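Computed from a predicted structure; not experimentally measured.
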Amino acid sequence: KIRWGPAQGTLKEFLGGRARPGMVTKAVNLEPKWNENLGSYSLNFYSRVKRASKKNFLLVPEGDDANIICLFGKMSRDTYALDFRPPLSCVQA
């Protein structure tokens, strides 16, 4: 059942005692690193993203920068790439 309206509480509060360890993953944006060759901050999109855009991002579990769970970035003028893997589903991504 879906109810639309203002957000109330947190997922942890909603699940109460039913939450198990590892059931909820907090994802954060991966912070860009300084690139000496470019003279600017950059992110590694592993050749999936071809164009710079302020909409490009990488999501990682909090505290685990090596484990990318979602990649979104511009490939061409009107085309974007969205790659994801568990714990995200296609609906969440």
Side-chain angles (χ1 to χ4, degrees):
K1 181 176 180 182
I2 298 175
R3 285 187 270 160
W4 298 100
Q8 298 175 353
T10 65
L11 181 59
K12 185 176 180 180
E13 291 169 352
F14 174 75
L15 292 172
R18 298 176 294 168
R20 296 183 307 273
M23 187 174 181
V24 178
T25 302
K26 182 176 181 182
V28 295
N29 286 331
L30 183 62
E31 295 292 327
K33 306 281 191 255
W34 183 258
N35 185 322
E36 288 292 335
N37 295 335
L38 297 175
S40 66
Y41 288 96
S42 67
L43 290 169
N44 185 356
F45 286 93
Y46 304 97
S47 301
R48 287 287 290 150
V49 176
K50 307 293 184 198
R51 303 194 55 183
S53 172
K54 61 184 176 184
K55 298 176 185 177
N56 297 351
F57 67 86
L58 296 169
L59 286 181
V60 295
E62 188 174 45
D64 186 5
D65 290 355
N67 187 15
I68 298 169
I69 59 174
C70 184
L71 173 153
F72 180 80
K74 193 169 191 172
M75 296 179 70
S76 65
R77 183 173 176 255
D78 297 324
T79 307
Y80 288 84
L82 174 63
D83 298 340
F84 61 93
R85 62 183 197 83
L88 292 181
S89 68
C90 61
V91 173
Q92 292 168 318

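When all heavy atoms of Leu38 and Asn35 are compared, the closest pair comes out as N-OD1, 3.2 Å. Considering all non-hydrogen atoms of both residues, Arg48 and Met75 come closest at O-CG, 3.4 Å.
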> Does the pair Lys33 and Asp65 meet the rule for a side chain to side chain contact (heavy atoms under 4.5 Å, CB included), with working shown?
Replying inline: CA-CA 12 Å; Lys33 306 281 191 255; Asp65 290 355; 4.3 Å; yes

> Asn29 and Leu59: side chain to side chain contact (heavy atoms under 4.5 Å, CB included), yes or no, with the steps?
Replying inline: CA-CA 5 Å; Asn29 286 331; Leu59 286 181; 3.3 Å; yes

>> Phe84 vs Ile69, test: side chain to side chain contact (heavy atoms under 4.5 Å, CB included). Steps then yes/no.
In response: CA-CA 5 Å; Phe84 61 93; Ile69 59 174; over 6 Å; no

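For the side chain to side chain donor-acceptor pair (under 3.5 Å) test, residues two or more places apart in sequence or in another chain that qualify with Ser76 are Thr79. For the ring pair (Phe, Tyr, Trp, His ring centres under 6.0 Å) test, no residue two or more places apart in sequence or in another chain qualifies with Tyr46.
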Residues 49-58 side chain polar contacts: donor-acceptor under 3.5 Å, at least two apart:
residue: Lys50; atom: NZ; partner: Ser47; partner atom: O; Å: 2.8
residue: Ser53; atom: OG; partner: Lys55; partner atom: N; Å: 3.1
residue: Asn56; atom: OD1; partner: Lys74; partner atom: N; Å: 2.9
residue: Asn56; atom: ND2; partner: Arg51; partner atom: O; Å: 3.1

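Rounding to the nearest 0.5 Å places OG of Ser42 at 9.0 Å from CG of Asn37.
Taking the six-membered ring where the residue is Trp, Tyr80 and Phe72 present parallel rings, their angle staying beneath 30° rather than reaching 60°.
No side-chain heavy atom of Leu71 sits less than 4.5 Å from a side-chain heavy atom of Leu82.
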